[in-house]
Enquirer: 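Here it is, the structure, as structure tokens.
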Amino acid sequence: MERGLFGMVSDVEILSGGIVKLQVSEAEVNNISIEFLDRRTGEPTSGKTKPETILRQLTTKKGQVYSLLQGKRDAETVLTMGIMEDVSIIPQPAGDTGKVDLIMKVVERVSGGFSAGGGISSGITSGPLSGLIGSFAYSHRNVLGRNQKLNISLERGQIDSIFRINYTDPWIEGDDKRTSRSIMVQNSRTPGMLVHGNQHDGGNVTIGRVTAGIEFSRPFRPKWSGTAGLIFQHAGARDDRGNPIIKDCYSSPLTASGNTHDDMLLAKIESVYTGSGDHGSSMFVFNMEQGLPILPEWLCFNRVNARARKGVEIGPARLVLSLSGGHVVGNFSPHEAFAIGGTNSVRGYEEGAVGSGRSYVVGCGEVSFPMFGPVEGAVFADYGSDLGSGPTVSGDPAGARLKPGSGYGYGFGIRVDSPLGPLRLEYAFNDKQAKRFHFGVGHRN
């Protein structure tokens, strides 16, 4: 019973010499079937999900001794697919065989629908409304009844916009390693102010990107997962009137090729370690992108980036230390330089105001503590540097804007749990004696 095995002691016989003989009957799994229930009436109904899509998620197999604990884990696994509202496993005797038939009763969720919302882009800091964005999306979480996901979304702000189509198969059929496949097409327009902001003529640079790619991901060790993919990107810069431009007002180039756009084919690999999944747990991410110059005009460069986080409980408080860094070798677009400063980097500075370079490092220490209800307090300190690499970016856009290249910030703030994730309001000071409020949704990257 402690092991969760479905069975019973059917007979006890006391033998001579202090020996007790137990007869144990184990319940072997004879068959596993799926029964769909109506969401409103609870009565049996036909389902949209293929039964084999559900059965492949189960670790319980025919011929095994039925384990209640294993069955509970299987039910939780099916729920995490995101297509069921309720899952339960009912064992029933399989005639007089001493075996059991398992009936998994499931209630399907509504598989598709539209949604709309809004938010704030932390990368846009000028103007009272320019940081606001609206979104509209259609999603289908169970395409063809095989748990495949389709998402079509549009985000629109005064400056930036993103249109994205994503099709994901969480577990490719016929694969025993739980490999997933994701196909993505995206058309975006984002402000170039992180690297090419502060135009002295008052204009804005926007970066347009058309991206398409395919990625494969799978777990390869407990708490470790890996991703490999191939991504094509067509990117260029435009002015306020939407005209293509190749230089900013400081005469710094906006493309690496000298044309109105840069083309690149990127081979990507990424490895991720996650602890318990809580924000204060350990985390490590390493990714690398290699530009493949299949055509002469396509960019060739190598970019590596790594992030690590470690949390430590100190009584009721929690200390979180994080470190990130990266480096680029080769011919890359200047607007793709690592930007330092802002809400998710060095607080106390505007977005990208510390510097932008081929290399960077950012460290952060933060202590959070409970205050009342869903509210937490926090004190923090950040430091970031381009490691002297700012002038090596084509046109030295950071030097033209007199960015310091390194800086630190410190301050305090509050965190409020919400359905959107943690809401962060922070007040920070930097080493230039400037003060700044920061607002963010979700944990720091």
Side-chain angles (χ1 to χ4, degrees), residues 119-128 130-133 160 190-195 197-198 279-280 283 285 305-312 314 317-326 337-357 359-371 375-387 389-390 398 401-418 420-445:
I120 297 175
S121 174
S122 62
I124 307 174
T125 56
S126 59
S130 58
L132 296 178
I133 58 174
D160 54 345
T190 56
M193 61 183 304
L194 294 180
V195 178
N198 297 328
H279 175 63
M283 178 272 293
V285 179
N305 198 9
R307 294 181 286 126
R309 182 182 67 219
K310 176 67 176 178
V312 180
I314 307 175
R318 181 173 60 214
L319 169 66
V320 177
L321 301 174
S322 61
L323 181 67
S324 61
F338 295 113
I340 309 164
T343 302
N344 290 311
S345 180
V346 180
R347 288 162 285 191
Y349 281 90
E350 291 187 9
E351 303 296 324
V354 173
S356 54
S359 306
Y360 88 102
V361 62
V362 171
C364 169
E366 183 173 294
V367 177
S368 59
F369 47 88
M371 295 179 64
V375 181
E376 285 187 339
V379 293
F380 57 83
D382 306 325
Y383 174 79
S385 172
D386 64 8
L387 303 175
S389 66
R401 290 158 178 79
L402 303 178
K403 296 182 180 180
S406 65
Y408 63 85
Y410 56 93
F412 56 90
I414 60 172
R415 312 279 187 271
V416 182
D417 280 334
S418 77
L420 300 176
L423 304 180
R424 300 184 286 125
L425 179 61
E426 299 158 337
Y427 190 59
F429 308 83
N430 67 25
D431 52 331
K432 307 298 182 184
Q433 309 308 315
K435 310 174 185 67
R436 185 172 182 81
F437 277 105
H438 294 274
F439 176 75
V441 180
H443 295 295
R444 278 170 56 92
N445 296 333

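Since this is a predicted model, take the numbers as computed values, not measurements. Counting begins at 1 with the first residue of the sequence.
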Enquirer: Would you verify whether the NZ or CZ of Arg347 falls within 45 degrees of the ring axis of Phe380 while also being under 6.0 Å from that six-membered ring's centre?
Expert: yes

Enquirer: Under the ring pair (Phe, Tyr, Trp, His ring centres under 6.0 Å) criterion, do Phe338 and Tyr360 qualify, and how do the steps go?
Expert: CA-CA 7 Å; Phe338 295 113; Tyr360 88 102; 4.8 Å; yes

Enquirer: Distance from Thr343 atom OG1 to Arg424 atom CZ, nearest 0.5 Å?
Expert: 6.5 Å

Enquirer: Could you pull out the closest heavy-atom pair between Ala317 and Val367, with the gap in Å?
Expert: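 Of all heavy-atom pairs spanning Ala317 and Val367, the closest is CB-CG1, 4.2 Å.
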
Enquirer: Distance from Asp382 atom CG to Ser345 atom OG, nearest 0.5 Å?
Expert: 7.5 Å

Enquirer: Quick one: do the Tyr410 and Asp431 side chains pair a donor with an acceptor below 3.5 Å?
Expert: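 Absent: no donor and acceptor within the cut-off.
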
Enquirer: With no hydrogens and no angle check, is any side-chain donor or acceptor of His438 less than 3.5 Å from a backbone partner on Gly348?
Expert: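 Answer holds: yes.
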
Enquirer: To the nearest 0.5 angstrom, please state how far the CZ atom of Arg309 sits from the CG atom of Leu321.
Expert: 11.5 Å

Enquirer: Taking atom OG of Ser356 and atom CG of Leu194, what is their separation to the nearest 0.5 Å?
Expert: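 One finds 9.0 Å between OG of Ser356 and CG of Leu194.
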
Enquirer: Could you give the distance from OH (Tyr349) to NZ (Lys432), rounded to the nearest 0.5 Å?
Expert: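 So the OH of Tyr349 and the NZ of Lys432 are separated by 5.0 Å.
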
Enquirer: What distance separates Ile414 CD1 from Ser368 OG, expressed to the nearest 0.5 Å?
Expert: 13.0 Å

Enquirer: Inspect the contact between Glu366 and Arg415 and indicate whether a charged nitrogen and a carboxylate oxygen are less than 4.0 angstrom apart.
Expert: yes

Enquirer: Is there a donor-acceptor pair under 3.5 Å between the side chain of Lys403 and the backbone N or O of Gly390?
Expert: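 Side chain of Lys403 to backbone of Gly390: no pair is present.
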
